[in-house]
Structure formats: structure tokens, C-alpha cells
There are 2 protein chains.
Amino acid sequence: MDEVFKALADASRRSLLDRLHIKNGQTLNELCEGLDMTRQAVTKHLAILEDANLVTTLRHGREKLHYLNPVPIHQIGERWIKKFERAKLTALSELKKQLEKRHE
Amino acid sequence: MDEVFKALADASRRSLLDRLHIKNGQTLNELCEGLDMTRQAVTKHLAILEDANLVTTLRHGREKLHYLNPVPIHQIGERWIKKFERAKLTALSELKKQLEKRHE
DNA sequence: TTGACATGCAACCATTTGGTTGCCTATTAT
DNA sequence: ATAATAGGCAACCAAATGGTTGCATGTCAA
């Protein structure tokens with residue numbers, strides 16, 4: 001889980017995921033197009049995404065195809081973000097209550 | 001949005017949010033208890049969470065009370081994670097289809 | 001078979017990050 | 001008044017991060 005959060009912390013990596021979301025199964029060079037970065041930098045980002053299991057790769061001859069794996073993203077939503085849903089609703093009223101308490 | 005992702009990338013900071021989720025409105029010293037870190041390190045983490053608008057503070061005499069703001073977490077869920085929901089469902093079948101295409 | 005293309009590996013670099021220590025200031029309680 | 005308490009500020013440090021360049025390897029096409 002920590003690896004996933006770390007992987008998502010970088011805007012370049014999130015944009016790579018976005019691009020794979022639009023078009024799945026792209027090669028390294030395809031993913032490099034239009035980016036203000038060397039191919040090697042992109043390789044490193046993709047390796048981090050792969051380690052976090054956010055991207056799966058598949059060799060096809062001399063090409064390496066990259067596929068988005070949305071499962072860890074979904075898990076972050078289910079296992080982590082959902083926890084804070086209830087808080088959202090009660091946050092403001094709780095804060096007000098506690099403020100009043102402190103000022104007694 | 002980037003600030004929020006960056007803030008959430010650290011396990012210590014996520015655990016601080018968890019603790020505020022359990023008990024809202026804690027002081028700095030309260031939040032330091034049981035942590036294997038100096039107070040100053042915790043201060044820095046809290047400052048990052050505050051910059052990302054995940055935590056709101058309130059001075060009360062010599063105490064500084066920390067309140068969880070779950071809104072940015074919720075926004076990550078709505079604006080970012082939800083985008084990948086559809087992908088989740090179709091990911092595997094898409095991958096299979098594309099594999100078949102490449103092997104024609 | 002040989003050149004072009006797609007990717008991999010490794011060393012190196014600057015900046016950011018997560019942490020520390022030491023000291024200072026403000027508020028509260030005795 | 002003064003000691004204890006809660007927190008702030010700044011300098012410093014090691015390690016991680018995000019990037020580079022240079023060269024090597026594997027695969028395809030002419």
C-alpha cells in the first residue's frame with residue numbers, strides 16, 4: 001500500500017497512468033512522446049509504477065508493452081479513502097462542539 | 001491536488017491522519033505520544049498536512065489543536081480514483097484482446 | 001548481414017526529504 | 001515571580017528522489 005501511495009505522489013507518474021488509461025498497451029517510446037524528459041527518466045518512472053503493481057508489462061519482440069492495472073488504485077479507494085467518508089459529514093459540527101467545550 | 005498526493009505519500013503522515021480520525025482536535029504533544037520521532041519531526045509532518053489542507057489548526061492558549069479535514073481525501077476519491085473505475089472492469093478483457101491483436 | 005530501432009544498465013549529479021540537535025518564546029500554574 | 005509546559009525557529013545531516021549522459025544489448029528489416 002505504501003508503495004502505491006509513493007508511486008502516485010509524482011505528477012509525471014500519474015500522467016503516465018492517465019495516458020495508459022486513455023490508451024492501454026503502449027510501448028516505452030510511445031509513452032515518451034511529448035514528455036519533457038529523457039527516455040531513461042520515463043523508464044525509471046515506469047519501473048516504480050510496475051513495482052507498485054500499477055502497471056504490468058509484456059515483452060513483444062523488441063517492444064515492451066505497458067498495461068494499466070487499476071486494482072491498487074481501487075483498493076486505495078476502498079481500504080483507505082472510504083474510512084474518511086463518515087468524518088467528512090461530521091467534521092464541521094465536531095469542530096464546533098469541541099471549540100465550545102474548550103471555552104467553558 | 002499534487003500537494004495532497006505528496007502529503008499522503010508518507011506513512012507517518014497517514015498515521016497522523018488516522019489518529020486524528022480516531023480522535024479529532026489533538027495537541028501537538030498528544031500526537032507525539034508513542035511515536036518514534038522527535039516533536040520537531042512531527043511538527044514538520046503536520047505542517048505538510050496543513051499545507052495540503054488535510055489538517056486545520058487552532059491555537060488555544062499555549063496549545064495548538066489539530067483537526068482533520070477530510071475534504072481533500074474525498075476529492076482524490078471523486079476526481080481521481082473514480083476515473084479508473086471503468087478501467088477496472090474492462091482491464092483484463094482489454095489486455096487479452098490486445099494480446100490477440102499483436103499476435104495476428 | 002548489417003544498420004536502424006527499442007530497450008536496458010550503470011555511473012553520476014543536484015535537490016528534496018525526513019530526521020536530528022540546540023536554543024528561543026509564549027503561556028500557564030504554583 | 002518563577003518554574004514548568006507547549007510550541008516555534010534554524011542550522012545541519014544522511015539518504016532518497018528525479019533527472020542526466022554514455023554505452024551495451026537484443027531484435028527487426030533491407
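Labels below follow one simple rule: chain letters A, B, ... track the order of the sequence lines, proteins then strands, and each chain is numbered from 1.
Between B:Ile73 and B:Val4, every side-chain heavy-atom pair lies at or beyond the 4.5 Å cut-off. Counting heavy atoms from C-beta on, the side chains of B:Met37 and B:Ser12 come closer than 4.5 Å.
Rounded to a whole Å, the CD atom of B:Glu33 is 14 Å from the P atom of D:dT5. We find that CD of B:Glu63 is positioned 17 Å from C1' of C:dT25, with the value rounded to whole Å. As rounded to whole Å, 15 Å separates atom C1' of C:dT17 from atom CG of B:Asp2. Remark: P of C:dT17 and CG of B:Leu8 are 15 Å apart, rounded to the nearest angstrom. Remark: C1' of C:dT7 and NE2 of A:His60 are 15 Å apart, rounded to the nearest angstrom. Rounded to whole Å, atom C1' of C:dT16 lies 15 Å from atom CD of B:Glu3. Rounded to whole angstrom, the span from the CD atom of A:Glu30 across to the C1' atom of C:dC5 amounts to 15 Å.
Contact between the side-chain N/O atoms of B:Thr38 and the OP1/OP2 oxygens of C:dT20 is found at a separation under 4.0 Å. Between B:Asn29 and D:dT5, a side-chain N or O to OP1/OP2 separation shorter than 4.0 Å is absent.
No continuous path of ILVMFWY side-chain contacts below 4.5 Å connects B:Trp80 to A:Ile48, so the two sit in separate hydrophobic clusters.
A donor-acceptor pair shorter than 3.5 Å cannot be found between the side chains of B:Thr56 and B:Glu50.
Between B:Asp18 and A:Lys83 there is a salt bridge, since a side-chain N of the basic residue sits under 4.0 Å from a carboxylate O of the acidic one.
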What does the B/S/- profile of nucleotides 8-18 of chain D look like, 5' to 3', with a 4.0 Å heavy-atom cutoff to protein? BB--------S

For residues 38-46 of chain B, dump all side-chain donor-acceptor pairs below 3.5 Å to protein atoms at least two apart in sequence or in another chain.
from: B:Thr38; atom 1: OG1; to: B:Ala41; atom 2: N; distance (Å): 3.4
from: B:Thr43; atom 1: OG1; to: B:Arg39; atom 2: O; distance (Å): 3.0
from: B:His45; atom 1: ND1; to: B:Arg13; atom 2: NH1; distance (Å): 3.1

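Residue B:Arg62 places a side-chain atom within donor-acceptor reach of the base of D:dT5, judged by atom type and a 3.5 Å distance cut-off alone.
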